[in-house]
Amino acid sequence: MPKLRLYNSLTRKKEEFTPLDPSHVRVYACGPTVYNYAHIGNARMAVVFDLLANVLRSIYPKVTYVSNITDVDDKIMVAAKESGEAIDVITRKFEKIYNEDMAALGVAKPDVQPRATEHIPEMIALCEALIKRGHAYEAEGNVLFNVPSFAAYGGLSGRSRDEQIAGARVDVAPYKKDPADFVLWKPSAADQPGWDSPWGFGRPGWHIECSAMAEKHLGLPFDIHGGGADLKFPHHENEIAQSCCAHGKDDDLSAFAKMWVHNGFVTVGGEKMSKSLGNFLLVHDLIEEFPGEALRLTLLSAHYRQPLDLTKEKIAESKRILDRLYRTLYDLRDVQISKSPAVADIEFQEALLDDLNTPQAIAVLNQISSASANDAEEKKTLLAAGGMLGLLQQNPAKWLGYDVSGDNDVEKLLAERTEAKAAKNFKRADEIRDEVKALGFTIEDTPEGPKARKI
RNA sequence: GGCGCGGUGGCAGAAUGGUGAUGUAGAGGACUGCAAAUCCUCGUAUCCGGGUUCGAUUCCCGGCCGUGCCUCCA
């Protein structure tokens, strides 16, 4: 069986992936907090783990991929106050938009997409377990995780306790036993979202929801936990602390998830997106301007751990690459193929199995597209390889804009131009080309006659 | 300040201790009435300085530059 190699953030090494249970691979990736339109950083995470799930499915019989929706968070409360909309209206709205936008990028919905608000009892149970084991304490309606109680804390991000304190710029709440302690549960005012708990009316802190949802839907330990690189600290560090300590695994960082996979950032203009710079790129806007598939290819054009600087020029270039690949498929449109094979191409597969080396995989895809020893093989392989990457599954004629049926004006002009050409009236033929262009089409003369293509 | 990542052709971007992929842009050519597409050809690309080595873009050390995390963040 082919083996996947993945860079494990926990060990800082590329490792061979060995599932805990080869008959059922379990993956969790931190999803979005739904209070605004998804930006391209959210999209990169979704595309990367969608691809990882595809690759795992190609070599293991069963894969469960869980990615959550965080629908309780102070940022959502702020957004609600600003817009005047109810919190659940906002979260449902942006959850829906998130899923629609990701679908436009060819991202399949995760096998399970749990909502934080539907796992409050599990979070409360985790808090209770942590208190019982002496890893958490109550103070003024808060439940706090006591960081010094977990000696292995900081192992994922490589931070010693001294460094954390030295680097801390946050005000330390007076009720904290230790400056590094973080909130598991906090009190809510009557007008804030909250749930009854042993510590009064309150709501979860930021990190506990992922611990609860991952455990509920995958069981512990599970195989791979993923997310954006910025989540490593403190979010993932704290997830590990909560989940390991709640189950008495005080000395084993991998008792929660065996491997940690982090995707790199998307930058705009060489800098991280931020509100102050005003350089946020939203998926919602980009897919108005470009096909979602072009954006997906752009997101896959750099290795997932590398930073990716996204520009519109780059998306446009991806579009041109897809044009060429779809043209290859269009040229093979009459070639009959049997069902696509599970393994597209050995080199292609090896590229992806080597820590999801998508640039290499795309290079192989290009080679397949230009080297055509056997048309049926070529078509089959392109479709299979493209499918693995979430690309090339559309109708080539439609993608290329050859589908002009029903446009009588264009068809009439094409016929007229054919006549003009037959009469060697090239002046008129060129005029018609301009007229058709004004209608939004370009004319391509082919052995089968002229074709209009939507620009 | 602490920790990390990166600097490869115009641009994007892999890989590698010994002929440096792939794409895109550009140039030339074939084909075409002209185009488009396709095909062929082309380009003095591994940040700088040391070290290890028969050999370094690759490994090590030191610079310089860029960027990220340390605070909400995918």
Side-chain angles (χ1 to χ4, degrees), chain A residues 9 12 29-33 35-36 38-49 67 70 73-75 78 98 154 157-160 162-171 206 226-235 237 262-267 270-275 280 283 297-311 313-314 316-325 327-328 330-331 347 351 354 357-367 369-370 400 420-422 424-427 429-430 433-434 437 442-447 450-453 455:
Chain A
S9 303
R12 294 177 190 76
C30 291
T33 302
Y35 65 102
N36 204 338
H39 56 71
I40 51 177
N42 295 305
R44 188 178 199 190
M45 167 265 149
V47 166
V48 165
F49 290 97
S67 187
T70 295
D73 183 279
D74 289 4
K75 290 192 296 294
V78 171
Y98 173 79
S157 54
R159 266 162 238 278
S160 72
D162 288 348
E163 285 165 354
Q164 288 160 42
I165 304 295
R169 287 186 227 160
V170 278
D171 291 332
W206 173 33
D230 57 324
L231 295 182
K232 228 188 258 187
F233 185 87
H235 184 56
E237 201 72 78
H262 291 96
N263 63 275
F265 266 94
V266 182
T267 58
E271 287 177 301
K272 189 178 164 178
M273 291 184 290
S274 72
K275 280 179 183 158
F280 259 86
V283 176
L297 177 58
T298 307
L299 291 171
L300 294 174
S301 68
H303 184 88
Y304 76 93
R305 281 191 281 117
Q306 295 303 123
L308 173 67
D309 192 51
L310 198 77
T311 60
E313 290 70 29
K314 215 176 272 189
E317 184 180 325
S318 295
K319 162 79 165 53
R320 286 193 290 273
I321 293 168
L322 288 169
D323 285 347
R324 183 173 44 74
L325 292 170
R327 188 173 293 281
T328 303
Y330 181 76
D331 291 342
E347 275 185 70
D354 182 15
N357 190 339
T358 49
Q360 182 63 38
I362 292 166
V364 176
L365 196 66
N366 283 320
Q367 284 160 357
S369 152
S370 50
L400 293 169
K421 274 178 56 174
K424 302 263 189 231
N425 185 352
F426 296 122
K427 185 163 174 282
D430 289 344
R433 190 193 288 285
D434 290 339
K437 192 173 182 182
T442 178
I443 293 176
E444 294 176 6
D445 287 323
T446 72
K451 275 185 182 154
R453 188 179 159 217
I455 308 171

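Letters go in sequence order (proteins before strands), and every chain restarts at 1.
Taking only side-chain atoms of Gln306(A), from C-beta outward, the nucleotide of G6(B), A15(B), A35(B) with the closest atom is G6(B). For Phe426(A), taking side-chain heavy atoms from C-beta onward, the closest of the listed nucleotides G13(B), G33(B), G68(B) is G33(B). The nucleotide whose nearest atom lies closest to any side-chain atom of Arg327(A) is, among C39(B), A37(B), G33(B), A37(B). Between U24(B), A21(B), G6(B), one nucleotide has an atom nearer to the side chain of Ala363(A) than all others, and that is A21(B). Nearest to the side chain of Pro359(A), among C34(B), A74(B), A14(B), sits A14(B). The nucleotide whose nearest atom lies closest to any side-chain atom of Glu444(A) is, among A36(B), A25(B), C39(B), A36(B). Comparing G33(B), C70(B), A21(B) by their closest approach to the side chain of Gln367(A) singles out A21(B). Nearest nucleotide to the His303(A) side chain, out of A74(B), A14(B), U24(B): A14(B). Nearest nucleotide to the Lys314(A) side chain, out of U24(B), A12(B), C34(B): A12(B). Of the candidates G68(B), C34(B), A14(B), the closest approach to any side-chain atom of Asp445(A) belongs to C34(B).
Here, U52(B) and U58(B) have their C1' atoms 13 Å apart, quoted to the whole Å. The same atom, P, is picked in A45(B) and in U22(B); the two are 15 Å apart, to the nearest Å. For the C1' atom pair drawn from C61(B) and A56(B), the interatomic distance equals 14 Å after rounding to whole Å. Spacing of C1' atoms, U38(B) relative to G49(B), comes out at 48 Å, to the nearest Å. Taking atom C1' on both nucleotides, A35(B) is separated from G17(B) by 50 Å, rounded to a whole Å.
Closest non-hydrogen pair, Leu300(A) versus Ile362(A), comes out as O-CD1, 3.6 Å.
In this entry C72(B) has no Watson-Crick or G-U wobble partner, no candidate having both defining distances under 3.5 Å. Using Watson-Crick or G-U wobble geometry with both donor-acceptor distances under 3.5 Å, A21(B) finds no partner in any strand shown. Within the shown strands, G66(B) is the pairing partner of C5(B) under the Watson-Crick or G-U definition, both distances less than 3.5 Å.
Residue whose closest nucleotide on RNA chain B sits further toward the 5' end, between Gly227(A) and Lys232(A): Lys232(A).
Residue contacts for Gly41(A): at a heavy-atom cut-off of 4.0 Å it reaches a base atom on one of the strands shown. Across all strands shown, Val48(A) has no heavy atoms under 4.0 Å from either base or sugar-phosphate atoms. Residue contacts for Glu313(A): at a heavy-atom cut-off of 4.0 Å it reaches no nucleic acid atom on any strand shown.
Within 6.0 Å of CD in Glu444(A) there are more than 12 heavy atoms belonging to other residues, nucleotides or ligands.
A salt bridge links Asp323(A) and Lys319(A); the closest N-O separation between the charged side-chain nitrogens and carboxylate oxygens is under 4.0 Å.
At a cut-off of 3.5 angstrom, the base of G68(B) holds no donor-acceptor pair with the side chain of Asp230(A). Contact annotation: side chain of Gln360(A) to base of G13(B), donor-acceptor pair absent below 3.5 Å.
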